[in-house]
Amino acid sequence: MRQLISSIIGGAVFMAVSAAGAGHAAATEGGEPAPECVRYAASWRYTHVTNDCGTAHRVTVEYTDGAEVPCRETQPGATVTFPGYGTGGNGVLRVLLCPPQPV
């Protein structure tokens, strides 16, 4: 029962985070993979993306279920956080570059 409740709460949090950024979500179709100096570490709760490059990058995470999350700007040496794979095991495939923000 406890696992079921945790799963429901985790799903609700993920949906809220996804819905909040839906207007700014990156189109992952055709998204270019981030360079090797951008790396990630995924857990069930968070995916941490670290930019070890010499320049800033706008990135998003590609998930096995196709969920889209908002792009985030990451400066050199900085780490940004995205949703993890969740209790349902939604896998993180890779980090993608996002198109430049319109001015």
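By convention here, the first residue in the shown sequence is residue 1. What's counted below: heavy atoms across the whole structure, side chains too, no hydrogens, waters or symmetry copies.
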Report task. Please list all pairs passing the salt bridge (Lys or Arg N to Asp or Glu O under 4.0 Å) test where one or both residues lie in residues 80-93, with sequence neighbours left out. Result -> none

**Report entry** Within residues 35-44 or reaching into it, pairs that qualify as salt bridge (Lys or Arg N to Asp or Glu O under 4.0 Å) - sequence neighbours excluded
**Finding:** Arg39-Asp52

Requested in this report: Measure across Leu96 and Glu62 and return the closest heavy-atom pair with its distance rounded to 0.1 Å.
Outcome: CD1-CB, 3.9 Å

**Report entry** side chain to side chain contact (heavy atoms under 4.5 Å, CB included) against Ala41, all qualifying residues, sequence neighbours excluded
**Finding:** none

Query raised in the report: Under a 4.5 Å cut-off applied to non-hydrogen side-chain atoms, are Tyr40 and Thr50 in contact?
Result: no

Query - Atom pair CG/CH2 of Asn90 and Trp44 - distance to nearest 0.5 Å - result: 14.0 Å

Query - All side chain to side chain contact (heavy atoms under 4.5 Å, CB included) counterparts of Phe82, not counting sequence neighbours - result: Thr47, Val49, Val59, Thr60, Val61, Tyr63, Val69, Arg72, Val80

Query raised in the report: Which atom names give the shortest non-hydrogen contact between Thr55 and Asn51, and what distance separates them?
Result: O-ND2, 2.9 Å

Requested in this report: List for me each residue that meets side chain to side chain contact (heavy atoms under 4.5 Å, CB included) alongside Pro33, sequence neighbours excluded, and say none if there are none.
Outcome: Arg94

Requested in this report: Test side chain to side chain contact (heavy atoms under 4.5 Å, CB included) on Leu97 and His57 and set out the steps.
Outcome: CA-CA 7 Å; Leu97 293 177; His57 291 288; 3.7 Å; yes

Requested in this report: Might you point out which heavy atoms bring Cys53 and Pro76 nearest each other, and give the distance in Å?
Outcome: O-CB, 3.3 Å

Query - Close side-chain approach of Glu73 to Cys98, heavy-atom, < 4.5 Å - result: no

Query raised in the report: Taking only residues two or more places apart in sequence or in another chain, which ones pass side chain to side chain donor-acceptor pair (under 3.5 Å) with Arg45?
Result: none

